[in-house]
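Working notes, structure below.
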Amino acid sequence: GTFFVDTNPDDDFIGFVFGYQSSSRFYVVDWKKRRQINGLAGVTIKRVQSSSGPGRTLHSALWSTETTANQVYKLWHDPNNLGWRDQTSYQWKLTHRPATGLIRVQ
């Protein structure tokens, strides 16, 4: 896939959902431009297994980079905390093999 970040002042997340089973069970790849509230800059891969489902609790959990009990589990975060850049195109490739637990984002 390809992202094009067509913004200058904004610094929120960009990303995508994969492995969607329901509004309470899916995976997320998100990328934050810079640290904000409790979200660190950089790419994070998360598994959502929300006990509450859609609503304020899950919303808050998705903003956090860290694991949130009974909501979102951080699988990996870029240790370099590299944020995305304005007016830039990014290509990515996702490999997901549920039977073996493999998730790779390039």
Side-chain angles (χ1 to χ4, degrees):
T2 302
F3 288 130
F4 181 73
V5 181
D6 188 20
T7 186
N8 279 321
D10 203 0
D11 63 356
D12 292 331
F13 291 102
I14 61 174
F16 57 91
V17 169
F18 67 98
Y20 185 88
Q21 297 174 15
S22 72
S23 58
S24 298
R25 294 179 57 89
F26 54 92
Y27 293 87
V28 175
V29 174
D30 66 38
W31 193 3
K32 187 89 175 91
K33 181 177 183 178
R34 67 179 120 239
R35 183 183 181 110
Q36 182 181 29
I37 307 172
N38 51 347
L40 299 176
V43 175
T44 306
I45 302 173
K46 303 172 183 175
R47 181 182 71 226
V48 176
Q49 288 185 297
S50 174
S51 60
S52 64
R56 186 176 301 267
T57 302
L58 179 54
H59 175 269
S60 295
L62 285 167
W63 270 91
S64 177
T65 301
E66 298 305 319
T67 292
T68 306
N70 301 312
Q71 296 295 323
V72 176
Y73 302 89
K74 176 181 76 172
L75 301 174
W76 180 83
H77 179 77
D78 172 16
N80 297 314
N81 296 325
L82 296 176
W84 51 262
R85 295 186 352 201
D86 296 319
Q87 304 298 315
T88 303
S89 180
Y90 297 97
Q91 291 186 327
W92 52 268
K93 178 182 177 184
L94 169 72
T95 303
H96 181 215
R97 295 192 177 113
T100 62
L102 175 72
I103 299 171
R104 180 179 297 147
V105 179
Q106 299 172 303

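Sequential numbering from 1 along the given sequence is applied to the chain's residues.
Both Phe18 and Phe3 belong to a common hydrophobic cluster when Ile, Leu, Val, Met, Phe, Trp and Tyr are linked at side-chain heavy-atom distances under 4.5 angstrom.
In the model, Arg47 has a side-chain atom that pairs as donor or acceptor with a side-chain atom of Gln49 under 3.5 Å.
Listed for the His77 side chain is a donor-acceptor partner under 3.5 Å among the backbone atoms of Ala41. The main-chain N or O of Pro54 is never found under 3.5 Å from a side-chain atom of Ser23 such that the two would form a donor-acceptor pair. Side-chain N or O atoms of Ser52 include none that pairs as donor or acceptor with a backbone N or O of Thr57 at under 3.5 Å.
The salt bridge (charged side-chain N to carboxylate O under 4.0 Å, His left out) pairs that include a residue from residues 65-83 are Glu66-Lys74, where partners are two or more places apart or lie in different chains.
Separating the NZ atom in Lys33 from the CZ atom in Arg85 is a distance of 10.5 Å, to the nearest 0.5 Å. Distance check: Arg34 CZ to Asp12 CG gives 10.0 Å after rounding to the nearest 0.5 Å.
More than 12 heavy-atom neighbours from other residues, nucleotides or ligands sit within 6.0 angstrom of CD on Gln106.
The minimum heavy-atom distance between Val43 and Trp76, with the atom names listed, is O-CZ3, 3.8 Å. Pairing each heavy atom of Gln71 with each of Ser50, the nearest pair is OE1-OG, 2.7 Å.
Applying the under-4.5 Å side-chain rule to Ile, Leu, Val, Met, Phe, Trp and Tyr, the cluster around Tyr73 consists of that residue alone. In the hydrophobic clustering, Phe13 connects to Trp63, either directly or through intervening members, whenever side-chain heavy atoms lie under 4.5 Å apart. Here Tyr20 sits in one hydrophobic cluster together with Val17, Phe26, Val28, Val48, Leu58, Leu62, Val72; the rule is ILVMFWY side chains under 4.5 Å apart, joined directly or through other members.
With sequence neighbours excluded, the residues forming a side-chain contact (heavy atoms from CB on, under 4.5 Å) with Gln87 are Phe4, Asp6, Asn8, listed by chain and number. Under the side-chain contact (heavy atoms from CB on, under 4.5 Å) criterion, Val5 pairs with Thr7, Ile14, Trp84, Tyr90, sequence neighbours left out.
Below 30°, between 30° and 60°, or above 60°: for Trp92 and Phe16 the angle between ring planes is below 30°, a parallel geometry.
Counting only heavy atoms from C-beta outward, the side chains of Lys32 and Thr44 never approach each other to under 4.5 Å.
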